[in-house]
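First comes the structure, then the notes that go with it.
Order of listing sets the numbers, starting from 1, for every ligand and every atom in it. Start at 1 with the first residue, then count along the sequence.
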Amino acid sequence: MTRKLVDNASIHTPVDHGRPAAGPHMGELLRIERGAMLIENGLVARIGDSDEVRAGLDQRTVDEVIDAGGRCLVPGFVDPHTHLCFVSPREEEFALRLTGAAYLDILRQGGGILNSVTAVRACPEEELYRLTRDRALSALAHGTTTVEIKSGYGLDTDSELKMLRVIERVGRSTPLDVVATFLGAHAVPPEYQGRADAYVDLMIDDMLPRVAALGLARQCDIFCEQGVFSIAQGRRLLAAAKSLGFAVKIHADEVHDLGGAGLAAEVAALSADHLLAAGDPGIDGLAAAGVVATLLPATAYSLRKPYARARHMLERGVALALASDCNPGSSYSESMPFVIGLAVLQMGLSPAEALTAATLNGAYALGIADRVGSLAPGRQADFLLLDGKTPAILAFHAGVSPVDAVYKRGELVARP
Ligand code: NIG
Ligand code: FE
């Protein structure tokens with residue numbers, strides 16, 4: 001048994017009450033000013049006031065004492081929505097968008113996501129692995145200890161499986177916990193232009209069963225948007241995915257309010273993501289169904305769109321998660337501190353609400369809140385030491401990483 005004691009820390013963590021923290025509960029943190037945490041074999045054994053944690057503890061049985069020096073200690077970030085598995089960022093397209101081209105128009109003309117598909121199809125698996133691993137390690141250095149990574153730049157069976165093998169290998173070969181999501185429904189591939197339903201059939205008949213049989217992903221996602229996949233196609237694909245045991249999520253109401261949030265509520269999705277254009281019926285549906293709304297402010301920032309209505313969603317009782325959406329086109333940042341800064345300064349979340357969204361509710365958006373996303377006895381000792389005394393430093397110290405040290409299952413894995 002390995003025992004470690006983190007002492008002299010200003011601890012801030014959400015508390016898991018068995019469901020995503022929604023509405024007013026998102027701002028409720030456990031705060032311990034002079035706190036300590038005892039870690040046994042990578043799991044939290046005790047957490048609380050320093051004197052209480054140390055009471056009756058035989059110091060000779062502790063292998064290492066980590067003095068936090070009064071710094072803020074928070075759970076490692078859970079980033080529940082990324083597209084980290086790609087070849088290169090689309091800089092030419094970014095330049096086009098700066099001169100006024102619209103994201104969906106670029107896709108309609110065969111660019112956008114489809115450019116990244118051409119690159120991923122041609123990329124040797126080893127190289128794609130190296131590129132994805134290095135991005136995941138950069139996310140880790142910025143405090144992300146659990147990350148979701150989607151496929152979706154293959155769009156044929158072999159290339160999608162290649163991406164999912166790469167994603168699985170990144171999970172095995174880095175300190176991060178990696179959750180893979182099958183996103184074959186990211187765009188209609190060139191071979192199926194004008195035949196989106198036939199491509200949905202291919203996913204249902206061939207891709208999903210193979211992904212399930214190989215155990216390469218347990219979540220399935222779809223981009224429901226004008227000119228991409230319809231709500232009816234989403235309903236069909238996600239029903240098939242659920243019958244194979246996949247949990248489901250939706251890129252919902254990002255540019256147009258198609259009713260993606262409503263579909264997420266209808267199919268009891270783990271999360272509905274984006275929601276920049278979501279209307280009130282969709283938002284109320286998420287609250288009633290207990291579906292997490294995963295907001296991606298770095299995407300609104302990069303696309304220069306109005307941010308999702310976070311405060312309104314909170315008032316309606318929705319549980320919010322925050323994610324980077326890191327991808328080669330619409331949002332190119334793997335930094336959760338940057339995302340938290342946008343959430344606080346541009347969407348009006350309090351630092352406490354943003355922390356809950358970036359940890360506990362992110363874990364709920366992935367169905368793994370019993371292991372990560374909060375610090376309590378039995379949970380993984382995934383935590384960060386920050387260069388300040390409260391989580392507000394994450395939003396305040398802009399443009400640099402306020403993360404001093406990253407621990408995964410009690411081990412120091414990054415000191416940026
Ligand atoms: O979540 N909106 C669709 N998919 C991604 C963007 C992917 C890309 O542009 O490569 C998103 O923003
Ligand atoms: Fe996305």
Checking contacts here: is it the side chain or the backbone of F86 that comes within 4.0 Å of ligand 1, counting heavy atoms only? Could be both or neither.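 No part of F86 comes within reach of ligand 1.
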Where on R90 is there a heavy atom closer than 4.0 Å to ligand 1, on the side chain, on the backbone, on both, or on neither?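 Side chain only; the backbone of R90 stays clear of ligand 1.
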Rounded to 10°, how many degrees is the angle NE2/H81-the Fe ion (ligand 2)-NE2/H251?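 My answer is 90°, to the nearest 10°.
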Angle subtended at the Fe ion (ligand 2) by NE2 of H83 and OD1 of D325, to 10 degrees?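 With the Fe ion (ligand 2) as the vertex, the angle is close to 90°.
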What is the nearest protein non-hydrogen atom to [atom], stated with its residue, atom name and distance?
atom: atom 12 (O) of ligand 1; result: S330 OG, 2.6 Å
atom: atom 9 (O) of ligand 1; result: Y103 OH, 2.5 Å
atom: atom 2 (N) of ligand 1; result: E254 OE1, 2.7 Å
atom: atom 4 (N) of ligand 1; result: H186 NE2, 2.8 Å

Checking the N or O distance criterion of under 3.5 Å, is ligand 1 in contact with D325?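 Among all N and O atoms of D325, at least one is under 3.5 Å from an N or O of ligand 1.
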Can an N or O of Y153 be found at a distance shorter than 3.5 Å from an N or O of ligand 1?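 N/O-N/O distance below 3.5 Å exists for this pair.
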Rounded to the nearest 0.5 Å, what's the gap from CG on L216 to CD1 on I167? Could you check?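 Answer for the CG-CD1 pair, L216 versus I167, is 9.0 Å.
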Measure the CG-CG distance between D404 and L73 for me, rounded to the nearest 0.5 Å.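 Taking CG in D404 and CG in L73, the distance rounds to 11.5 Å.
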Could you tell me if the ring centre of H251 sits under 6.0 Å from that of H81?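 Yes - the distance between ring centres of H251 and H81 falls below the 6.0 Å cut-off.
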Using the ring centroid of each side chain, check whether Y332 and F94 are separated by less than 6.0 Å.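 Not close enough - the centres of the two rings lie 6.0 Å or further apart.
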If we check side chain to side chain donor-acceptor pair (under 3.5 Å) with K150, which of these qualifies: D221, N327, D325?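 The residue from D221, N327, D325 that satisfies side chain to side chain donor-acceptor pair (under 3.5 Å) with K150 turns out to be D221.
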Report the residue from E93, H83, R90 that forms a side chain to side chain donor-acceptor pair (under 3.5 Å) with S116.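 The passing option is R90.
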Please walk me through it: do R236 and D201 pass side chain to side chain contact (heavy atoms under 4.5 Å, CB included)? CA-CA 9 Å; R236 200 153 75 78; D201 290 340; 2.9 Å; yes
Does CD in E33 sit with more than 12 non-hydrogen atoms of other residues, nucleotides or ligands closer than 6.0 Å?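 It does not: E33 CD has 12 such atoms or fewer within range.
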For ligand 1, which atoms have a heavy atom of H81 less than 4.0 angstrom away?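 Counting atoms of ligand 1 from 1, those under 4.0 Å from H81 are 1 (O).
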Would you mind running through ligand 1 and noting each atom that sits below 4.0 Å from a heavy atom of I113?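 Those atoms are 7 (C), 8 (C), 9 (O), 10 (O).
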Relative to F86, does R135 satisfy both conditions: NZ or CZ under 6.0 angstrom from the six-membered ring centre, and within 45 degrees of the ring's axis?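 Pair R135/F86 counts as cation-pi.
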So, does E225 sit close enough to ligand 1 that a heavy atom of it is under 4.0 Å from the ligand?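 Flag not set, E225 not near ligand 1.
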